[in-house]
**Student:** 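My structure is below; once you've seen it, I'll send some questions.
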Amino acid sequence: MLSHDQSTTIAANQQCDTYAWFSQRAWVEVDLEALSHNVRQLRKFLSPHTQLMAVVKADAYGHGSVTVAQTALQSGASWLGVATVPEGIQLREAGIKAPILILGATYTSEQIHAIAHWKLQPTLCSPKQALIFSTTLEAIKYNTPIAVHVKLDTGMSRLGTDWQQATEFVQLVERLPHLKIASIYSHLATADSPDPTVMQQQHQRFKSAIARIKEMGIEPPCLHLANSAGTLADKALHYDMVRPGLAIYGLSPAPHLQNVIDLKPVLQVRARVTQVKTIAEATGVSYGHHFITPGEMRIAVVGIGYADGVPRNLSNKIQVLIRGKRVRQIGTITMDQMMLDVSIIPDLQEGEVVTLLGQEGSEKITVDDWAGELNTISWEILCGFKHRLPRLGVI
Ligand SMILES: *Cc1c(COP(=O)(O)O)cnc(C)c1O
């Protein structure tokens with residue numbers, strides 16, 4: 001098995017050798033070996049009875065949901081989490097048989113029909129939604145009860161029934177025909193904070209709601225609470241299943257959780273130099289001329305821009321890697337292209353590969369570098385790559 005470094009280098013070289021690779025101006029490399037490593041690391045961190053749900057919503061955070069789901073399932077995950085019905089159908093159409101939880105809310109009869117047809121498992125957030133499900137399934141005479149997941153709001157103030165009404169809600173769902181409770185769950189709002197106070201309060205609320213449900217004689221078959229941060233922060237949050245997203249893509253949800261397990265970034269972004277030229281001193285570069293050359297400068301144009309997922313607000317702020325060296329991006333990033341100051345590589349040629357995110361030799365540029373520069377989170381940067389660039393699986 002190749003190491004992470006070797007495999008990406010080989011992939012980049014192959015791109016110069018075949019027409020199919022050469023025809024790409026820019027692409028995302030998805031390192032499936034790194035993905036598998038991350039899932040195995042998480043699996044090792046969990047006790048054997050805790051199941052691992054790989055969260056693959058938003059096209060697996062820009063990595064491609066079918067390939068990611070298949071790799072995660074082969075590496076120790078046993079559940080998949082998506083946000084929407086179409087995301088679930090896409091996995092079923094690809095032949096994936098594992099249980100799929102829809103984390104988002106679903107209400108319409110079209111959604112409910114599709115859930116029943118494709119054997120997806122919905123989240124139930126309110127008594128009203130539970131009634132809609134039950135009556136819709138009654139109307140289509142759907143005979144086998146569908147597995148549903150009861151969502152409690154313990155402090156996120158997003159989806160779910162307030163934890164204090166948990167018993168009434170669970171009793172209602174229990175009584176309604178056509179529904180079978182497969183799990184009870186909640187979601188943490190601050191698990192990535194070094195201060196655990198709110199997380200612990202949410203955990204206490206979850207515990208007390210579950211205790212009251214058990215007192216009513218209802219034994220929940222499965223309980224789950226933890227996203228990536230919760231999983232890494234506190235084993236007491238693991239319960240019967242954990243729901244990591246970010247961690248399976250090899251990023252740490254917070255600096256203080258960086259070293260809990262060894263994670264390798266899965267996504268790398270590369271593009272090609274499309275033109276190299278020398279421009280004179282005091283020349284403006286790109287829209288708005290927000291960069292003016294301080295002297296004569298060798299510049300390169302690269303075929304990647306904000307429509308591909310490189311945020312325009314990174315203009316004039318980032319470095320990229322060419323031949324293992326750091327060079328700076330200059331001028332406004334445009335829709336499909338950007339410019340670099342390549343004065344330190346005077347013999348640079350058109351067609352050479354530029355690494356925007358990823359590793360070349362000992363140098364690397366991370367999603368967290370970009371997120372820090374933009375004062376946003378790594379999740380948002382990753383999702384920016386789900387629209388346009390072709391994805392190349394690298395093993
Ligand atoms: C997105 C999501 C997750 C995964 O979150 P990460 O922070 O990426 O691990 C888990 N649970 C729910 C309900 C989610 O919406």
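Side-chain atoms are counted along with the backbone in the values below, which use heavy atoms only and exclude waters and symmetry mates. Note that the structure is a prediction, hence the values are computed from the model and not measured.
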**Student:** Would you say T123's side chain and I102's backbone share a donor-acceptor pair under 3.5 angstrom?
**Tutor:**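 At least one qualifying donor-acceptor pair exists.
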
**Student:** Answer yes or no: is there a donor N or O on one side and an acceptor on the other, between the side chain of E360 and the main chain of G358, under 3.5 Å?
**Tutor:**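 No; judged by distance alone, with no hydrogens or angles, the pair does not exist.
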
**Student:** Under 4.5 Å between any side-chain heavy atoms of I146 and F133, yes or no?
**Tutor:**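 When only atoms from C-beta onward are counted, F133 and I146 do touch, with a gap below 4.5 Å.
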
**Student:** Determine the minimum heavy-atom distance between L348 and A300, stating which atoms define it.
**Tutor:**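 Residues L348 and A300, closest heavy atoms: CD2-CB, 3.9 Å.
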
**Student:** Measure across K97 and R92 and return the closest heavy-atom pair with its distance rounded to 0.1 Å.
**Tutor:**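 Heavy atoms only, the tightest pair is C-NH1, 3.6 Å.
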
**Student:** Tell me whether M335 shares a hydrophobic cluster with Y287, the cluster being built from Ile, Leu, Val, Met, Phe, Trp, Tyr side chains joined at under 4.5 Å.
**Tutor:**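 In one cluster: no.
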
**Student:** Any chance CD of E373 has more than 12 other-residue heavy atoms, nucleotides or ligands included, within less than 6.0 Å?
**Tutor:**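 Above 12, so yes.
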
**Student:** Closest heavy-atom contact between D240 and P221?
**Tutor:**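 For D240 versus P221, the nearest heavy atoms are OD2-O, 4.4 Å.
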
**Student:** In Å and rounded to the nearest 0.5 Å, what is the CG to NZ distance from L374 to K317?
**Tutor:**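 L374 CG to K317 NZ: 6.5 Å, rounded to 0.5 Å.
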
**Student:** Quick check: are there more than 12 heavy atoms from other residues, nucleotides or ligands sitting under 6.0 Å from CZ of R326?
**Tutor:**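 Yes, because the 6.0 Å sphere around CZ of R326 holds more than 12 heavy atoms from other groups.
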
**Student:** Among L357, T355, I365, V320, which one satisfies side chain to side chain contact (heavy atoms under 4.5 Å, CB included) with V269?
**Tutor:**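 Result: among L357, T355, I365, V320, L357 is the only option passing the side chain to side chain contact (heavy atoms under 4.5 Å, CB included) with V269.
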
**Student:** Is it the case that over 12 heavy atoms from other parts of the model lie below 6.0 angstrom from the CG atom of D195?
**Tutor:**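 Yes, because the 6.0 Å sphere around CG of D195 holds more than 12 heavy atoms from other groups.
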
**Student:** Can you tell whether the side chains of E29 and R270 come within less than 4.0 Å, N to carboxylate O?
**Tutor:**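 The answer is yes: the pair qualifies as a salt bridge.
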
**Student:** With sequence neighbours excluded, what pairs up with F169 under the ring pair (Phe, Tyr, Trp, His ring centres under 6.0 Å) test?
**Tutor:**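 None.
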
**Student:** If you compare all heavy atoms of T274 against all heavy atoms of V302, which two are closest, and at what distance to 0.1 Å?
**Tutor:**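 Residues T274 and V302, closest heavy atoms: OG1-N, 4.1 Å.
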
**Student:** I'd like to know if the side chain of Q202 and the backbone of A189 have a donor-acceptor N/O pair within less than 3.5 Å.
**Tutor:**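 Yes; at least one donor-acceptor contact below 3.5 Å.
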
**Student:** Looking only at atom types and distance, does a side-chain atom of E350 sit under 3.5 Å from a main-chain N or O of V276, one as donor and one as acceptor?
**Tutor:**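 Flag set: sc E350 to bb V276 pair under 3.5 Å.
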
**Student:** Would a distance-only check, ignoring hydrogens and angles, find a side-chain to backbone donor-acceptor pair under 3.5 Å from R388 to A307?
**Tutor:**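 It does not hold such a pair.
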
**Student:** Given S78, which partner from the list Q51, M241, R43 fulfils the side chain to side chain contact (heavy atoms under 4.5 Å, CB included) test?
**Tutor:**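 Answer to the side chain to side chain contact (heavy atoms under 4.5 Å, CB included) test with S78 among Q51, M241, R43: Q51.
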
**Student:** Check L35 against A72 and note the closest heavy-atom contact, atom names and distance.
**Tutor:**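 Looks like CD2-N, 4.4 Å.
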
**Student:** List the atom of R298, the atom of P346, and the distance in Å for their closest heavy-atom pair.
**Tutor:**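 Looking at all heavy atoms of both residues, the shortest contact is NE-O, 3.5 Å.
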
**Student:** CG/L137 to OG/S109 distance, rounded to the nearest 0.5 angstrom?
**Tutor:**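 The OG atom of S109 is 10.5 Å from CG of L137, to the nearest 0.5 Å.
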
**Student:** Does the ring center of Y239 lie less than 6.0 Å from the ring center of H203?
**Tutor:**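 Yes, the ring of Y239 comes within the 6.0 Å limit of the ring of H203, centre to centre.
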
**Student:** Would a single hydrophobic cluster contain both Y249 and I377, if residues Ile, Leu, Val, Met, Phe, Trp and Tyr are joined by side-chain heavy-atom contacts under 4.5 Å?
**Tutor:**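 In one cluster: yes.
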
**Student:** Quick one: CE on M156 to OG1 on T190, what's the gap to the nearest 0.5 Å?
**Tutor:**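 So the gap between those two atoms works out to 10.0 Å.
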
**Student:** My understanding is that only one of R25, H387, Q337 makes a side chain to side chain donor-acceptor pair (under 3.5 Å) with D308; could you say which?
**Tutor:**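 With D308 as partner, R25, H387, Q337 yield a single side chain to side chain donor-acceptor pair (under 3.5 Å), made by R25.
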
**Student:** Any side-chain heavy-atom pair from H113 and T136 closer than 4.5 angstrom?
**Tutor:**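 Yes. Closest side-chain heavy atoms under 4.5 Å.
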
**Student:** Where do L101 and H224 land on the side-chain contact (heavy atoms from CB on, under 4.5 Å) test, with the steps shown first?
**Tutor:** CA-CA 12 Å; L101 169 60; H224 48 113; 3.9 Å; yes

**Student:** Between Q319 and E363, is there a side-chain heavy-atom distance shorter than 4.5 Å?
**Tutor:**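 E363 does not reach Q319 side chain to side chain.
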
**Student:** Are R243 and Y185 close enough that some pair of their side-chain heavy atoms sits under 4.5 Å apart?
**Tutor:**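 They are in contact (side-chain heavy atoms under 4.5 Å apart), so the answer is yes.
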
**Student:** Treating S183 as the side-chain partner and H149 as the backbone partner, does any N or O pair qualify as donor plus acceptor under 3.5 Å?
**Tutor:**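 No, S183 side chain to H149 backbone: no donor-acceptor pair under 3.5 Å.
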
**Student:** Under a 4.0 Å N-O cut-off, is there an ion pair linking D262 with K44?
**Tutor:**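 The answer is no: the pair does not qualify as a salt bridge.
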
**Student:** Are any of the side-chain heavy atoms of T106 and L120 separated by less than 4.5 Å?
**Tutor:**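 T106 vs L120: side chains apart.
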
**Student:** Considering residues at least two apart in sequence or located in another chain, which fulfil the side-chain contact (heavy atoms from CB on, under 4.5 Å) criterion with K180?
**Tutor:**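 For K180 the side-chain contact (heavy atoms from CB on, under 4.5 Å) partners, ignoring immediate neighbours, are P145.
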
**Student:** Run Q74 and L32 through side-chain contact (heavy atoms from CB on, under 4.5 Å) and show every step you take.
**Tutor:** CA-CA 11 Å; Q74 282 159 15; L32 298 174; over 6 Å; no

**Student:** Look up atom OG1 in T231 and atom CD1 in I261, then write down how far apart they are to the nearest 0.5 Å.
**Tutor:**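 If we round to the nearest 0.5 Å, T231:OG1 and I261:CD1 are 8.5 Å apart.
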
**Student:** Quick one: do L223 and M53 end up in the same hydrophobic cluster if we chain Ile, Leu, Val, Met, Phe, Trp and Tyr together by side-chain heavy atoms under 4.5 Å apart?
**Tutor:**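 Yes, same cluster.
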
**Student:** For the side chain of N38 and the backbone of I248, is there at least one donor-acceptor N/O pair under 3.5 Å apart?
**Tutor:**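 Yes.
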
**Student:** Supply the atom-to-atom distance I132 CD1 to S126 OG, rounded to the nearest 0.5 angstrom.
**Tutor:**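 I132 CD1 to S126 OG: 7.0 Å, rounded to 0.5 Å.
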
**Student:** Knowing that exactly one of T334, V301, I333 qualifies, which makes a side chain to side chain contact (heavy atoms under 4.5 Å, CB included) with S286?
**Tutor:**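 For S286, the side chain to side chain contact (heavy atoms under 4.5 Å, CB included) check succeeds only for T334.
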
**Student:** Give the intermediate values and the outcome of side-chain contact (heavy atoms from CB on, under 4.5 Å) for residues V82 and V56.
**Tutor:** CA-CA 6 Å; V82 297; V56 296; 3.9 Å; yes

**Student:** Closer than 3.5 angstrom, by distance alone: can the side chain of D59 be matched with the main-chain N or O of S65 as a donor-acceptor pair?
**Tutor:**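 Looks like yes, one N/O pair under 3.5 Å.
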
**Student:** Looking at side-chain heavy atoms only, is the closest gap between Y61 and L267 below 4.5 Å?
**Tutor:**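 The answer is no; the side chains never approach within 4.5 Å.
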
**Student:** Does one hydrophobic cluster hold both V198 and L188, with members joined at side-chain heavy-atom distances below 4.5 Å?
**Tutor:**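 No, V198 does not connect to L188 through the hydrophobic network.
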
**Student:** Could you walk me through whether L356 and M338 satisfy the side-chain contact (heavy atoms from CB on, under 4.5 Å) test, starting with their C-alpha distance in whole Å, then the side-chain angles of each, then the deciding distance to 0.1 Å, before giving a yes or no?
**Tutor:** CA-CA 11 Å; L356 287 102; M338 66 173 70; 3.7 Å; yes

**Student:** State the CG-CG distance between L159 and L103, to the nearest 0.5 angstrom.
**Tutor:**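 It comes to 9.0 Å.
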
**Student:** Between I330 and I304, is there shared hydrophobic-cluster membership here, with clusters defined by ILVMFWY side-chain heavy atoms closer than 4.5 Å?
**Tutor:**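 No, I330 and I304 fall in different hydrophobic clusters.
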
**Student:** Quick one: does T293's side chain have a donor or acceptor within less than 3.5 Å of a partner on T283's backbone?
**Tutor:**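 Yes; judged by distance alone, with no hydrogens or angles, the pair exists.
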
**Student:** Sub-3.5 Å donor-acceptor pair from the side chain of S315 to the main-chain atoms of R312, do we have one?
**Tutor:**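 Looks like yes, one N/O pair under 3.5 Å.
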
**Student:** Should L237 and M199 count as side-chain neighbours, where that means a heavy-atom distance under 4.5 Å?
**Tutor:**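 Yes. Closest side-chain heavy atoms under 4.5 Å.
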
**Student:** I'd like to check T67 versus V30 (side-chain heavy atoms, cut-off strictly below 4.5 Å). Are they in contact?
**Tutor:**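 Contact flag for T67/V30 side chains = no.
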
